**Q** 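Below you will find the structure I want to go over with you.
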Amino acid sequence: MSRASGSGSIWWPTPVRPCSWFSDAELARSRAYHRPLAKVGVAKLSGRFVLLVFSHVLVVFLGWPIAGPAAVAAVALAFWIPDASSDWWFEFRHEPRFGSSAMPLHRFATGSLTALAFCLATVGLVALLLPVAWAVSARWWWLLAASAVPIIVYVGGWLEPRFTAAAHRTSPLDGATFDSLARRAGVSHVEFHRMESDALVGLNALTATGGGRPRIVVSSELLEAERTLTNHVIAHELSHLRRRHPARTKLLTASAGVGVAAAAGALASSSAADRIAGLIRTGSMEGGQLPTLGSLAVLLLVFGAAAEVPLAFVSRAQERQADAGALALVGPVPVPLLRRLHATDRALLDPGRFERMVLPHPPPAERLH
């Protein structure tokens, strides 16, 4: 922790072997849980790529309007089907193998259909935006379209706490419970709530910001844990707020989104794209045709995956900074309590090299060290 609190050191991981903190049995259980998840994750990404390419082929060979309802539905389904399939496997096959009860079918169906509606709305918005951007400037349409990304991120940030409040049952906590801790952290106008539903389980807490006062939602299990551990987790969330990490994350996400959208649109509009036999575009720029939604989504998928690496790098640095801030605010926590926090049944105790690059949190062994 002393290293994490040093100047500039929050950006770089502390080398530590997982076996220094976890037993062979703990590491084996973690691998047994996460290896299938990694395989399904690869299958989901591959399936999405294949379905997006297929949606492009349908548009080209069936002569559908590039931004018409059929094209919108095809691209939305290409995003939704792999997600819905992997979620079904996770809830009804994977989790029951490790002792968890399967989610009620009606709740799964409601969440899945909500996700489908969100996909349709998002793709439909893009379908409406592209012709408008093209009409303004056939040459720079991709730059105009990319400029809408910050608006989408802002609207999403505004809706996030409202969706959380509507989708999950929370109840306000007594103001005296953590208000003194918030004052010591230099964070004012923050609300504390208990999660009443099973959406937040374990020794966990989350912070929701956007539109009104920030809200820290705490799981029932964390509230019932030792006060030293509870205060540490709350101090961690308060440190995020004090350093304005949520706002910075939204700004970075919006900036990355603009870069991804601009890069994908620029490549789809380039002369090189015209020479890829219709894979990227359905016609030349001289023909006045936009790329299909499917081909544009493929490019967004590729560039978006590349953007996850630097975004995750920054997120891990923020987590180290928040850990150091919690240590400074409430002092050290006994190691057995910290192990309860990080060495859970579902924790990824020994991530691979690629997983380390895209994880938003440092590995548990590093955080314990």
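When reading the values below, keep in mind they use all heavy atoms of this one structure, side chains included, and skip hydrogens, waters and symmetry mates. The chain is numbered in sequence order, starting from 1. Please read these numbers as outputs of a predicted model, since none were measured by experiment.
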**Q** Is the closest side-chain heavy-atom distance between Val233 and Asn204 below 4.5 Å?
**A** no
**Q** So Trp134 and Leu144, do their side chains get closer than 4.5 Å, heavy atoms only?
**A** no
**Q** Atom CZ of residue position Phe92 - does it have more than 12 heavy atoms of other residues, nucleotides or ligands inside 6.0 Å?
**A**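 Buried by this count: over 12 neighbours within 6.0 Å.
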**Q** Between Glu355 and His34, is any side-chain donor less than 3.5 angstrom from a side-chain acceptor?
**A** no
**Q** Show, in sequence, the C-alpha distance, side-chain angles and deciding distance for Trp89 and Leu37, and conclude whether the side chain to side chain contact (heavy atoms under 4.5 Å, CB included) test is met.
**A** CA-CA 10 Å; Trp89 169 84; Leu37 289 177; 3.7 Å; yes
**Q** Side chains of Phe178 and Ile216: closer than 4.5 Å at any heavy-atom pair?
**A**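 No, every pair of side-chain atoms sits at 4.5 Å or beyond.
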**Q** With a 6.0 Å cut-off (strictly less than), is the heavy-atom count around CZ of Arg244, excluding the residue itself, greater than 12?
**A**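 Count not over threshold, so no.
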**Q** Between Ser55 and Leu52, is there a donor-acceptor pair closer than 3.5 Å when you use the side chain of the first and the backbone of the second?
**A**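 Confirmed, Ser55 side chain pairs with Leu52 backbone.
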**Q** Do Leu223 and Leu173 make a side-chain contact, defined as non-hydrogen atoms from C-beta onward lying under 4.5 Å apart?
**A** yes
**Q** What is the distance from atom OG of Ser219 to atom CD of Glu224, rounded to the nearest 0.5 Å?
**A** 8.5 Å
**Q** Could I get the full list of side-chain contact (heavy atoms from CB on, under 4.5 Å) partners for Ser100, not counting sequence neighbours?
**A** Glu95, Arg346
**Q** For salt bridge (charged side-chain N to carboxylate O under 4.0 Å, His left out), just list the numbers for Arg339 and Glu26, CA-CA rounded to whole Å, side-chain angles, deciding distance to a tenth of an Å, and then say yes or no.
**A** CA-CA 12 Å; Arg339 277 184 54 82; Glu26 288 174 323; 2.7 Å; yes
**Q** How long is the span from the NE2 atom in His232 to the CG atom in Leu327, to the nearest 0.5 Å?
**A**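 Interatomic distance, His232 NE2 to Leu327 CG, rounded to 0.5 Å: 8.0 Å.
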**Q** Is the ring pair Phe313/Trp11 parallel, tilted or perpendicular, if the boundaries are 30 and 60 degrees?
**A**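 The arrangement is parallel - the two ring planes meet at less than 30°.
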**Q** Could you give me the CA-CA distance, side-chain angles and deciding distance for Val59 and Leu293, then say whether side chain to side chain contact (heavy atoms under 4.5 Å, CB included) is met?
**A** CA-CA 9 Å; Val59 170; Leu293 292 174; over 6 Å; no
**Q** Side chains of Arg320 and Arg316, heavy atoms from C-beta outward: is any pair under 4.5 Å?
**A** yes
**Q** Check whether any side-chain heavy atom of Val298 lies under 4.5 Å from a side-chain heavy atom of His56, and answer yes or no.
**A** no
**Q** Give the C-alpha distance, both sets of side-chain angles, the deciding distance and a yes or no for side chain to side chain contact (heavy atoms under 4.5 Å, CB included) between Leu341 and Val333.
**A** CA-CA 11 Å; Leu341 185 63; Val333 180; over 6 Å; no
**Q** Distance-only, no hydrogens or angles: does the Arg367 side chain make a donor-acceptor pair with backbone N or O of Glu319 under 3.5 Å?
**A**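 Checked: no pair found.
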**Q** Do the ring planes of His240 and His236 sit parallel (below 30°), tilted (30 to 60°) or perpendicular (above 60°)?
**A** perpendicular
**Q** I'd like to check Phe90 versus Val40 (side-chain heavy atoms, cut-off strictly below 4.5 Å). Are they in contact?
**A** no
**Q** Evaluate the criterion side chain to side chain contact (heavy atoms under 4.5 Å, CB included) for residue pair Leu238 and Arg184; output intermediate values, then yes/no.
**A** CA-CA 10 Å; Leu238 288 170; Arg184 286 166 52 196; over 6 Å; no
**Q** Has the side chain of Ser112 got a donor or acceptor atom that lies under 3.5 Å from a matching backbone atom of Phe108?
**A** no
**Q** Check this for me: Phe98, atom CZ, are more than 12 non-hydrogen atoms of other residues, nucleotides or ligands nearer than 6.0 Å?
**A**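 Enclosed.
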**Q** Calculate, to the nearest 0.5 Å, the distance between atoms CG and CG belonging to Asn231 and Leu181 respectively.
**A** 5.5 Å
